[in-house]
Number of protein chains: 2
Amino acid sequence: MYSKELIKGTLQPIVLKLLHENKRMYGYEITQRVKDITNGRIELTEGALYPTLHKLEADGILSTEKEFIGKRVRKYYSLTKKGHSVIAQKMQDFNEFVHAMNLILNPKIS
Amino acid sequence: MYSKELIKGTLQPIVLKLLHENKRMYGYEITQRVKDITNGRIELTEGALYPTLHKLEADGILSTEKEFIGKRVRKYYSLTKKGHSVIAQKMQDFNEFVHAMNLILNPKIS
DNA sequence: CAAATATACATAATATTCTTAGGTATAACA
DNA sequence: TGTTATACCTAAGAATATTATGTATATTTG
């Protein structure tokens, strides 16, 4: 995996992007999905992910519902109404950021 | 400009990428170049840039030479020998990161 | 069937990295 | 001559992630 410091600042938009596309997901699932999509390039750490999810919930962007799989609990996260109202802007910001990174990596010959 | 938190973690690789391509640059020049390349999407703040440059110098990745333009000083930064020895890996990490971000934004239909 | 691995949540101390808000000074432009 | 641009810098605080733990159940494998 690439050096970890790079993830800083993008964890939240990554989480929101996935929840925007998938209705509801639980924490562990998010780590696996990200690992899968990025071909193992990004492995979210739980120490970063869970506090991020909790913060988004505290901010009213996400809501949760618990489910039991056998005796083990799963906490599903999904976008709230407020979450839906802010996601468009956040996804555009994320897009613009990644676009900017692409430009830096591959500057247009002008 | 997109929301600023996203830049976290990528400032250093951005700086190194530019210095990798340009031999030597000074701080203010870097801010302008980044703004230019990204069509205004990213405006580095000086409060972040200068400490980053100083750290890279302290780590032996960058070296400096001062030049006077009239009465005003300019501090040019360039990669040291050590800097050249680590830049390949750092640029690959940066590439992989941006690639991963592209995958998240635009997941492959499998 | 026991041990290892995977699933699934969580927190706390610490480190890293930026933002915001200053500060100083020269040069160019209107 | 006042405003904007150029050019450097630092410090307090906020935000974000790492590392190291902890707890517990479920599954795989030798």
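Just so it is clear, the values below take in all heavy atoms, side chains as well, and ignore hydrogens, waters and symmetry mates. The shown structure was predicted, so the numbers you read here are calculated from the model rather than taken from an experiment. In what follows, chains are A, B, ... by sequence order, proteins preceding strands, each numbered from 1.
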Transitive ILVMFWY cluster of A:V73, excluding itself - 4.5 Å side-chain cut-off: A:F68

Using a heavy-atom cut-off of under 4.0 Å over every strand shown, decide if B:G47 touches base, sugar-phosphate, or nothing. base

I need the CZ-P distance between A:R33 and C:dA6, as an integer number of Å. 19 Å

Distance-only donor-acceptor pairs under 3.5 Å for side chains of residues 49-56 of chain A, two or more places apart:
from	atom 1	to	atom 2	distance (Å)
A:T52	OG1	A:A48	O	2.8
A:H54	ND1	A:Y50	O	3.3
A:K55	NZ	A:D59	OD2	2.6

Under-4.0 Å side-chain N/O to phosphate OP1/OP2 contact, A:H54 with C:dC9: no

What is the distance from CG of A:L44 to P of D:dT19, rounded to the nearest Å? 14 Å

Contact class for A:G70 (heavy atom, under 4.0 Å): base, sugar-phosphate, or nothing? sugar-phosphate

Under 4.0 Å, counting only non-hydrogen atoms across every strand here, what does B:E46 touch: a base, just sugar-phosphate, or nothing? base

Quick one: is C:dA10 close enough that its OP1 or OP2 comes under 4.0 Å of any side-chain N or O from A:Y50? no

Heavy-atom nearest nucleotide on DNA chain C taken for A:R74 and for A:A48; more 5' hit belongs to A:R74

First encountered from the 5' end of DNA chain D, between A:I69 and A:L49: A:L49

State whether A:T52 places a side-chain N or O below 4.0 Å from either non-bridging phosphate oxygen (OP1 or OP2) of D:dT16. no

Rounded to whole Å, how long is the line connecting atom CG of A:D59 with atom C1' of D:dA15? 12 Å

Determine whether A:R74 and A:E29 satisfy the following criterion, salt bridge (charged side-chain N to carboxylate O under 4.0 Å, His left out), listing intermediate values before the conclusion. CA-CA 10 Å; A:R74 251 184 215 170; A:E29 184 183 17; over 6 Å; no

Roughly, in whole Å, what's the span from CG in A:L53 to P in C:dT11? 11 Å

Look up atom CD1 in B:I104 and atom NE2 in B:H99, then write down how far apart they are to the nearest 0.5 Å. 11.0 Å

Measuring to OP1 and OP2 of D:dC9, would you say a side-chain N or O of B:K75 lies under 4.0 angstrom away? yes

So, OP1 or OP2 of C:dA8: does either fall under 4.0 Å of a side-chain N or O from A:Y26? yes

Measure the distance from OH on A:Y76 to P on C:dT7 and round it to the nearest whole Å. 14 Å

In this structure, how many angstroms lie between the P atom of C:dA8 and the CD atom of A:E67, rounded? 12 Å

Write down the distance between CD1 (B:I14) and C1' (C:dT17), rounded to a whole number of angstrom. 13 Å

Quickly work out the A:M25 CE to C:dT7 P distance and round it to whole Å. 14 Å

Can you confirm whether more than 12 heavy atoms, excluding those of B:K75, are under 6.0 Å from its NZ atom? yes

Of the candidates D:dA5, C:dA8, D:dA26, the side chain of B:R72 sits closest to D:dA5

Respond yes when some side-chain nitrogen or oxygen of A:T45 is under 4.0 Å from OP1 or OP2 of D:dT18, and no when none is. yes

